[in-house]
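Written below as structure tokens is the structure these notes are about.
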Amino acid sequence: MIEFDGDALALAPRLIGMTLLVDGVGGLIVETEAYLRGDPASHSFPGPTPRNAAMFGPPFHAYVYRSYGLHWCFNVVAQDQGAVLIRALAPLAGLERMAARRGGTTGLCTGPGRLTQALAITGALDGAPLDRPPFDWREREGTPDIVNGPRIGITKAMDEPWRFGLRGSPFLSRRFA
DNA sequence: CTAGGGATTGTCT
DNA sequence: GACAATCCCTAGG
């Protein structure tokens with residue numbers, strides 16, 4: 001995948017502009033959020049549980065959890081018992097399969113829950129290594145223009161500007177201020 | 001044991 | 001703009 005040795009806060013912007021494919025379906029990462037060790041908003045904050053076990057495992061593995069009882073959210077585990085939530089992709093490959101899974105063509109990968117549905121990521125992939133199939137990564141080309149701001153949908157540490165995005169992308173789940 | 005809430009989204013108004 | 005859907009963890013009795 002990539003050579004990297006930083007924590008979740010460093011990994012989050014590093015993933016912007018990279019291409020993620022799952023079984024050949026995916027696109028360019030345009031939005032991420034960092035959840036650090038010691039971060040009250042991170043699922044790893046209270047300590048290990050069955051749900052968050054992957055965050056305490058080896059880095060560059062998947063942490064997949066269910067959100068609000070019905071959506072899946074996909075994270076890349078970092079070196080610090082933190083993780084990076086992948087919130088949005090610019091769809092590039094397998095658009096027909098995405099649309100079939102999503103039941104339409106609107107907002108295919110715009111939002112963490114939509115993205116997992118389009119790529120068929122479920123709890124079955126929780127803890128799976130990201131450097132082998134079905135996962136495939138491509139390094140970014142050039143230097144992306146990255147913006148950052150507060151994270152979305154949380155109730156703790158709300159002021160930390162740990163959401164990152166590709167400036168001007170139409171595929172962001174929300175605009176940056 | 002029960003009650004409450006969350007890193008969300010689709011649908012209806 | 002409001003609300004339902006509905007799993008897993010946490011807090012408290």
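Every chain is numbered from 1 and lettered A, B, ... according to where its sequence line falls, protein lines coming before strand lines. Remember, it's a predicted structure, so these values are computed and weren't measured experimentally.
For B:dG5 and C:dC3, the C1' atoms lie 16 Å apart once the distance is rounded to whole Å. For the C1' atoms, the distance from C:dC8 to B:dG10 is 22 Å, rounded to whole Å. Taking atom C1' on both nucleotides, C:dG1 is separated from B:dA7 by 22 Å, rounded to a whole Å.
Nucleic acid contact for A:Arg102: sugar-phosphate only, since backbone atoms but no base atoms lie under 4.0 Å from a heavy atom of the residue.
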Can you name the atoms? Protein N/O to nucleotides 7-11 of chain C N/O, anything below 3.5 Å, with the distance.
{"unit_1": "C:dC7", "atom_1": "O4'", "unit_2": "A:Gly69", "atom_2": "O", "d": "3.4"}
{"unit_1": "C:dC9", "atom_1": "OP1", "unit_2": "A:Arg51", "atom_2": "N", "d": "2.6"}

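Salt-bridge annotation for A:Arg97 and A:Asp23: present, with a side-chain N of the basic residue lying under 4.0 Å from a carboxylate O of the acidic one.
Judged purely by atom type and a 3.5 angstrom limit, A:Ser173 has no side-chain atom pairing as donor or acceptor with the backbone of A:Gly111.
Note that OG1 of A:Thr19 is 9.5 Å distant from CG of A:Asp136, once rounded to the nearest 0.5 Å.
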The test is side-chain contact (heavy atoms from CB on, under 4.5 Å); show your working for A:Phe171 and A:Leu89 and say whether it passes. CA-CA 7 Å; A:Phe171 300 101; A:Leu89 305 179; over 6 Å; no
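Secondary-structure stems of DNA chain C, taken as three or more successive Watson-Crick or G-U wobble pairs (i with j, i+1 with j-1) under a 3.5 Å distance threshold, comprise B:1-6 with C:7-12, B:8-12 with C:1-5.
Both A:Gly107 and A:Gly153 sit near DNA chain B, but only A:Gly153 has its closest nucleotide nearer the 5' end.
A:Gln117 and A:Arg102 form a side-chain donor-acceptor contact under 3.5 Å, judged by distance and modelled atom types alone.
Of the residues listed (A:Asn75, A:Leu15, A:Leu9), the one engaging A:Val84 in a side chain to side chain contact (heavy atoms under 4.5 Å, CB included) is A:Leu15, and it is the only one. Put simply, the residue from A:Arg87, A:Arg151, A:Arg114 that forms a salt bridge (Lys or Arg N to Asp or Glu O under 4.0 Å) with A:Glu31 is A:Arg87.
Put simply, chain A comes within 4.0 Å of DNA chain B, heavy atom to any atom, from B:dG6 to B:dG10, going 5' to 3'.
Within a 6.0 Å radius of CZ in A:Arg140, more than 12 heavy atoms belonging to other residues, nucleotides or ligands are found.
Pairing each heavy atom of A:Glu33 with each of A:Ala12, the nearest pair is C-CB, 4.3 Å.
Using cut-offs of 30° and 60° on the angle between ring planes, the pair A:Phe135 and A:Phe74 is parallel.
Taking the six-membered ring wherever Trp is involved, the centroid distance between the rings of A:Tyr35 and A:His43 does not fall below 6.0 Å.
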